[in-house]
Protein chains: 2
Amino acid sequence: MTMSTTSPKRAVFEEFAKTAKCLGHAGRIEIIELLAQGERSVEAVAERTGMTVATTSQHLQTLKRAGLVSARRDGKFILYSVSGDEVIALISALRVVTEQHAAEMDRIVRGYFDKRDGMEPVSREDLLERARAGLVTVLDVRPADEYAAGHIPGATNIPLSELEQRLGDLTKDREIIAYCRGPYCVYAFEAVAALRQAGFSARRLKGGLPQWRTAGLEISRDLT
Amino acid sequence: MTMSTTSPKRAVFEEFAKTAKCLGHAGRIEIIELLAQGERSVEAVAERTGMTVATTSQHLQTLKRAGLVSARRDGKFILYSVSGDEVIALISALRVVTEQHAAEMDRIVRGYFDKRDGMEPVSREDLLERARAGLVTVLDVRPADEYAAGHIPGATNIPLSELEQRLGDLTKDREIIAYCRGPYCVYAFEAVAALRQAGFSARRLKGGLPQWRTAGLEISRDLT
DNA sequence: CAGACATTCAATAGTTATGTTGAATGTAAT
DNA sequence: ATTACATTCAACATAACTATTGAATGTCTG
């Protein structure tokens, strides 16, 4: 029953492996997470990640070959972006598995950040209780239009793309709880990482707005 | 703003990359898909994949180190199994991205199998119509207990683990449409691949039983 | 305890990935 | 055209991964 090395089945697995191999490099994952926030030029990516332009370009081409990112030309620049939501779902799944299973993860995160709060998300019940008591800032990091279409009551909206510039809008007095679209969305993860690096105490809501809605909890809406 | 090479952010990405690197090898992906069907000994995996026992053992240890598979001792044997459903979701996400984006994929699959039908799933509507006309065999490849708890009317149940031995139960006269738990379940993919290799005409249902249920379609149940 | 067997370890050679260099495209302005 | 600039290419040294071999470990059976 065992086929030769070039059995069709093996060839298919080989393709899967090629995709995975692309993600087997910290720099490339960082690039994808960056591009998940919006399209960027090679130089912009290089600057943000600290890699040289040539190296960045090569990584971007590797990602493009695997179909994970797409490129378009705009004048002198070539703008890269992630190819689709499935790619975001993929690295989210990667994140979930890594966080669940790699015990080292916890040690690294806890070593650098606050001892008490790791990457564990906050439950909806906890959020409601503490928000009512005024103990936390609820932060919606989705784009403004999605926020307008419906958000958790009392939540502040700062899209992830503007977070860095608007850190001054936030207070360090209360813990910040960030949320985005759902368990397969990276925005909240990114926001928490950025906020902690900036000295804030931050965690993310378990799930996202769709799950909040499903749980039958209240939603605010901006009238147009 | 650019931190040194050992910034906490980079360290986190490094962990993600470690997990992904594990999947960057066709043999290891094949192992995971095998173990997704049930726990197996090193030798059993080696035999099925055609790798030597030593090589298989090393791959299994790599997977274990990354938390993707777990091991337990049973007498002389060490039985490996996937660590959890998140792992299955991860490789399913990998599969989705690869199938969507890697153009090569199609060429490989179409080259080996029937020209007309690739990997595109069959819609619920198509399935219903053609099943009523007696044009297709609907195949439920989930474990027997899940089948008993609810299945598509008229579906035949052959759990994936028994499929190879029970190929004789199926007819080559009609196309076979396989389904399992849902878009994040690998069973149907596996079944279609196996059936095609055995000379059957086979495709998979888009989604799975939960989606069927959600769409408000009829479900049969075995009485206990 | 001795033998059989499943699995793992250690060392090695061949292969592949990575990041750096400096040069080569290709596009937009002068 | 010529210049400036963003990106890519090509080639190399270094590092990491892979499969093989034969030996070592640990568990059951008689």
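Here is the naming used below: chain letters follow the sequence lines, and residue numbers restart at 1 for every chain. Excluded from the calculations below are hydrogen atoms, water molecules and symmetry mates; all remaining heavy atoms, backbone and side chain alike, are included. Small disclaimer: the values here were computed from a predicted structure and weren't measured.
Protein atom CG of A:Leu63 is 15 Å distant from nucleotide atom P of D:dT7, rounded to whole Å. Rounded to an integer number of Å, the gap from CG of B:Asp74 to C1' of D:dG26 is 15 Å. The NZ-C1' distance, from B:Lys21 to C:dA17, rounds to 9 Å in whole Å. Rounded to a whole Å, the CD atom of B:Gln61 is 8 Å from the C1' atom of C:dT7. If you measure from atom CD1 of A:Ile78 to atom P of C:dT27, you get 9 Å, rounded to the nearest angstrom. The distance from atom CZ of B:Arg40 to atom P of C:dA6 is 17 Å, rounded to the nearest whole Å. Residue A:Leu60 contributes atom CG, which lies 16 Å from atom P of D:dA6 at whole-angstrom precision. B:Leu79 has its CG atom 14 Å from the P atom of D:dT27, to the nearest Å.
For the pair B:His59 and D:dA19, the criterion of a side-chain N or O lying under 4.0 Å from OP1 or OP2 is met. At the phosphate of D:dT18, OP1 or OP2 sits under 4.0 Å from a side-chain N or O atom of B:Arg28. Under 4.0 angstrom from either OP1 or OP2 of C:dA6 there lies no side-chain N or O belonging to B:Ser57. Residue A:Tyr80 places at least one side-chain N or O under 4.0 Å from the OP1 or OP2 atom of D:dT8.
A side chain to side chain contact (heavy atoms under 4.5 Å, CB included) with A:Ile31 is found for exactly one of A:Val69, A:Leu60, A:Val82, namely A:Leu60.
With C:dC9, D:dT8, D:dT27 as the candidates, the nucleotide lying closest to the side chain of B:Gln58 is C:dC9. Nearest to the side-chain atoms of A:Ala54 among the listed nucleotides C:dT18, C:dT8, C:dG22 stands C:dG22. Between C:dC9, C:dA6, D:dC9, one nucleotide has an atom nearer to the side chain of B:Glu43 than all others, and that is C:dA6.
Checked by atom type, the side-chain pair A:Ser83/A:Ser70 shows a donor-acceptor distance below 3.5 Å.
Using a 4.5 Å heavy-atom threshold, the side chains of B:Leu34 and B:Thr49 count as touching.
Between A:Arg48 and A:Glu30 there is no salt bridge, since no side-chain nitrogen of the basic residue lies less than 4.0 Å from a carboxylate oxygen of the acidic one.
Classified by interplanar angle (parallel below 30°, tilted 30° to 60°, perpendicular above 60°), the ring pair B:Phe16/B:Phe13 is perpendicular.
Taking the nucleotide of DNA chain C with the nearest heavy atom to each of B:Lys76 and A:Thr55, the more 5' of the two is matched to B:Lys76.
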